Amino acid sequence: MSAWLAQHGRALLWALRRLTVAPLSTLLSLLAISVALALPAGGQLLLRNGLQIAKSGAATPELSLFMSVDADRKAVDAIAQRLKHQEALKEFRLVSRGETLARFQARPGFAEVISALPGNPFPDAFVAVPRDDLSAAALEKLRAEFSHWPKVEQVQLDSAWARRLDALLHLGRIGVALLALMLGLGLVAITFTTIRLQVLTQLSEIEVSRLLGATDAFIGRPFYYFGTLQGLAGGAGAWLIVAAVAMAMRAPLEELAGLYEGGATLQSLTAIDVAILLGFATALGWLGTALSLGRHLRD
Amino acid sequence: MSAWLAQHGRALLWALRRLTVAPLSTLLSLLAISVALALPAGGQLLLRNGLQIAKSGAATPELSLFMSVDADRKAVDAIAQRLKHQEALKEFRLVSRGETLARFQARPGFAEVISALPGNPFPDAFVAVPRDDLSAAALEKLRAEFSHWPKVEQVQLDSAWARRLDALLHLGRIGVALLALMLGLGLVAITFTTIRLQVLTQLSEIEVSRLLGATDAFIGRPFYYFGTLQGLAGGAGAWLIVAAVAMAMRAPLEELAGLYEGGATLQSLTAIDVAILLGFATALGWLGTALSLGRHLRD
Amino acid sequence: MIRFEHVCRRYPPNIAALTDLSFNVEAGELVLVCGHSGAGKSTLLKLIAAIERPSSGAVLVNGQNVGALKRAGIAVLRRNLGLVFQDQKLLFDRNAFDNVMLPLAIAGYPPKEAGKRVRAALDKVGLAAREKALPVALSGGEQQRLAIARAVVGRPAILLADEPTAHLDQATAGDVAKIFRDFHQVGVAVLIASCDDTAFSNFVPRRLVLDHGKLQ
Amino acid sequence: MIRFEHVCRRYPPNIAALTDLSFNVEAGELVLVCGHSGAGKSTLLKLIAAIERPSSGAVLVNGQNVGALKRAGIAVLRRNLGLVFQDQKLLFDRNAFDNVMLPLAIAGYPPKEAGKRVRAALDKVGLAAREKALPVALSGGEQQRLAIARAVVGRPAILLADEPTAHLDQATAGDVAKIFRDFHQVGVAVLIASCDDTAFSNFVPRRLVLDHGKLQ
Ligand SMILES: Nc1ncnc2c1ncn2[C@@H]1O[C@H](COP(=O)(O)OP(=O)(O)OP(=O)(O)O)[C@@H](O)[C@H]1O
Ligand SMILES: Nc1ncnc2c1ncn2[C@@H]1O[C@H](COP(=O)(O)OP(=O)(O)OP(=O)(O)O)[C@@H](O)[C@H]1O
Ligand SMILES: [Mg+2]
Ligand SMILES: [Mg+2]
């Protein structure tokens, strides 16, 4: 037991010494790993914030239900009742004919027109906000359904916005997937290479140890410590980078968020995000070590 | 001369052999370099295309000049004349009161209102498209200027869009700068490490060559060939990646472009772009070699 | 303890390094393997440590067929041998003390006892004063003695030494020979490959003379 | 040709490897540097090749102060020396032929002439048949001879050999000694460090005996 502890202690010490013996090289490796991890992590965060901003603001599609001009109070209430039970809607509000009239009267070039009219020519209308997760097709179905309700004269869907949002989301998703794929491969390359480098600097030690009766476990142990420690440190570096970038981006993002009038608050990395990031980095360090040792240790 | 050629030939051959002797490691290094080069190159391309789409489509701010209702033909022509000489405008068009009336008559809920009116209540209007390079402040100045023209009752600037675009551009520029910085550092790390690895595999050869009277130039030459060749190959890999990604992105981007009705055609990498990319990659390979040799060869 | 049964070892393309070798070495024997350069001395020692495998025949160490061992078995075998390599195989990035410590670290000795043993071994080869020196700071002969210290530090039951006196002057070679004799006298089986046997001439009880891979 | 003037070499912490050494070696001389292990033989040879620098005094080669040379000057110097290292320093990733080719490649010989020279040198040490063999496939003595072939292939005016017969049986050592004598007879200055001088005993005209760094 004490011998077991001594062996692990030795391996850990060796790994720590190797990490500090060539500080520039270590720093550069850590930097490469950090950057490779920071990009998809940061991209994910950006997408999350961007989506929130887009959805909270003008990008949300709306359904406008125009009642017929002769619809009375009761008919309007009935539609309100129906809308209340629609699961697909997040919210809706009544825009009364009076409101619309007032708005048009305030618009330049319309005041005279309106005042020249005998009565209020506008109908009551509802503006309904659908749930975020509805596809363009689902929205279109909703529109068709609403237009068959009694005393509903017309339903308008701001479907250009919906389609635009869909296309943007599609684009973002493809982009993030490609990024993750490329950086996943890049990360594998970096880890693999770093461990190969460590194996190369220790080639004579490995050979001699084997000739003196060292087991594969004994020979591999310091490299596993090295690889996982490096991965962990790289993950921490990625965390720092993402946090720093998020700080730098806060001002312009909030300017954007403010413009969209959604009152969006910027999300940063949660404790769970950080835990996942560090765990992923450590696991990747371990995996890279295992792959590299499998290739470079057996001869 | 023949000896000089023989020495360079030997170095080049050595470099080529080193690149093929461990195909997996070479492939992984090349992949890492390619990805690191492809990301900013692709980002640049994406930004270029994105900007084009944004500018060509609905994102372009417009100025609407409403004439007063009593403005006659002559007044309208005078304004058209003034607009024609405005350098800040890309184009403009007259939306006559007749046109506007017809459009409103076609709108549901308005037909009745309009038909109930004694005459055409709408004024003539101009819609003007400013040049792309105008700042939000310049647009605002233009708006103020136009509103003092005779018989111009009101000038509307779709300034929310302008400010939104400005914010987006700001955001994009910060993002690309951060990306370039991070990947520049990451690329330095990769190149540095790869050359260090090559030096490590050749440590005994370097030591023995020096003991047998080899100059620094003789010892360094194969590594320079290796580093520049690898950089060049990495650049070519980045080109492939960007081309492949551009292909994959074509469909969704054009969907987006189509939605913006700007008739945007997707730009791909030009010959000059590729030349810059390859030159940059080769230079970086050379630089990484020089840095790494400076650190790892002199002892 | 060690038993060769009709052992042949051929190297590609067509080199017969050892041909039909049969002999026994008992515990506590000291055997000098002699022969010209290329006679097969090193190959013979490598077969015992499973660094090479016989092309035919069997090499038995403590009754175990060494040629049939798996990775783990080979590791166990080597931990119970003391090896001096012809090219020494010292580690140049650590000092004399740590070089000698290596086999004990591999065997998992507690650090305290290991330290004592390392100092004793360095003392035995006359390098006690240089335990902090890196191998490059040692002369060729001192490196040779360091390699011997590493081989004996684990107090193995079998000691294999390939040209252990190659870089030593006559006096130092005599001292080193005495170290091997001491081990032989406490019951360790010692095999020494050497083309120069003057250092051992006054006390070697047994010789295996190789000529082009055949026992004479 | 080679001149030591009151040369001292101390190593940290406090080791006086060579103390106040003065002597001359003329072109065509064959000198045997003898002495116990650690006497300073290797250090002496390293000073001539500028692998070490004197702590005080001057080492002159062809009238040039070797201790004051810059990087480029050292490279030129070494290209005109033939060196056999005590630990051989062969390259294990290339075959015998390419190992011997290395000094000619460094000196920039045209490949064709270089190839001829390499074969001649391998033939001289009895390794002509093994030019395609990697060093691991050679016995210790064969590696030693390969190192000698590499040292002589460039036909240097000065030949420095550190323990060139260390791994050789008496017959082979005699052959190697003859190689050095041949060079000595065509006017090459030859310095050989060896603690075992039996191979050279019948034709060495001059001896430098070192004892704890001092000339006796
Ligand atoms: N780089 C060094 N740092 C410290 N001490 C050194 C260094 N090189 C040699 N020494 C010491 O200097 C002394 C002379 O060493 P040198 O290698 O010249 O001896 P040698 O005569 O060649 O011995 P051998 O026959 O054993 O090779 C030795 O005591 C050695 O330990
Ligand atoms: N891995 C190998 N591949 C091919 N041939 C080999 C290999 N190892 C040794 N040989 C050859 O086998 C023969 C015996 O080699 P060995 O090393 O056993 O000789 P040795 O008696 O130790 O010689 P020395 O005294 O020179 O060290 C030699 O001719 C050598 O070239
Ligand atoms: Mg041998
Ligand atoms: Mg020496």
Side-chain angles (χ1 to χ4, degrees), chain B residues 1-26 194-226 289-299, chain D residues 42 45-46 48-52 61 66 69-94 98-115 135-136 146-147 149-154 156-160 162:
Chain B
M1 182 61 201
S2 126
W4 183 89
L5 262 181
Q7 292 212 339
H8 276 268
R10 250 193 286 252
L12 181 59
L13 259 172
W14 177 90
L16 286 171
R17 209 175 328 118
R18 291 297 310 172
L19 277 169
T20 50
V21 82
L24 184 67
S25 293
T26 304
T194 317
I195 295 297
R196 181 177 171 220
L197 204 125
Q198 287 307 317
V199 169
L200 275 176
T201 62
Q202 296 305 111
L203 225 42
S204 55
E205 158 146 25
I206 292 167
E207 185 208 351
V208 171
S209 297
R210 189 156 278 157
L211 285 173
L212 297 179
T215 57
D216 288 339
F218 180 91
I219 290 172
R221 196 175 295 132
F223 295 104
Y224 277 105
Y225 272 107
F226 184 95
T289 310
L291 282 176
S292 202
L293 289 186
R295 183 149 188 106
H296 300 301
L297 218 50
R298 314 223 151 213
D299 47 2
Chain D
S42 299
L45 297 188
K46 283 178 188 165
I48 299 171
I51 297 168
E52 297 283 354
V61 175
V66 160
L69 287 175
K70 300 255 181 308
R71 287 176 87 84
I74 290 174
V76 173
L77 167 74
R78 288 183 187 160
R79 263 177 270 153
N80 293 308
L81 298 175
L83 292 172
V84 179
F85 302 96
Q86 188 164 9
D87 55 354
Q88 295 164 359
K89 298 199 184 294
L90 298 172
L91 294 178
F92 283 82
D93 60 349
R94 61 188 69 190
D98 290 337
N99 263 285
V100 179
M101 177 64 94
L102 187 58
L104 301 183
I106 289 171
Y109 276 78
K112 217 166 188 175
E113 197 205 325
V136 278
L146 184 59
R150 188 180 64 185
V152 302
V153 71
I158 300 175
L159 204 51
L160 309 174
D162 201 349

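Chain naming here is simple, since letters A, B, ... match the order of the sequence lines and numbering starts at 1 in each. Small disclaimer: the values here were computed from a predicted structure and weren't measured.
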Donor-acceptor under 3.5 Å (R79(D) side chain, G213(B) main chain): yes
Looking at OG of S209(B) and CD1 of I219(B), how far apart are the two atoms once the value is rounded to the nearest 0.5 Å? 5.5 Å
Side chain, backbone, both or neither of Y109(D) within contact of chain B (heavy atoms, under 4.5 Å): backbone
Can you tell me if T20(B) uses its side chain to pair, donor with acceptor, with the backbone of R17(B) under 3.5 Å? yes
Residue from V208(B), D216(B), L211(B) scoring the most non-hydrogen pairs under 4.5 Å with chain D is L211(B)
Please confirm whether the backbone N or O of R210(B) pairs with a side-chain atom of R78(D), one donor and one acceptor, at under 3.5 Å? yes
Of the backbone (N, CA, C, O) and the side chain (C-beta and beyond), which part of A105(D) lies under 4.5 Å from a heavy atom of chain B, both, or neither? both
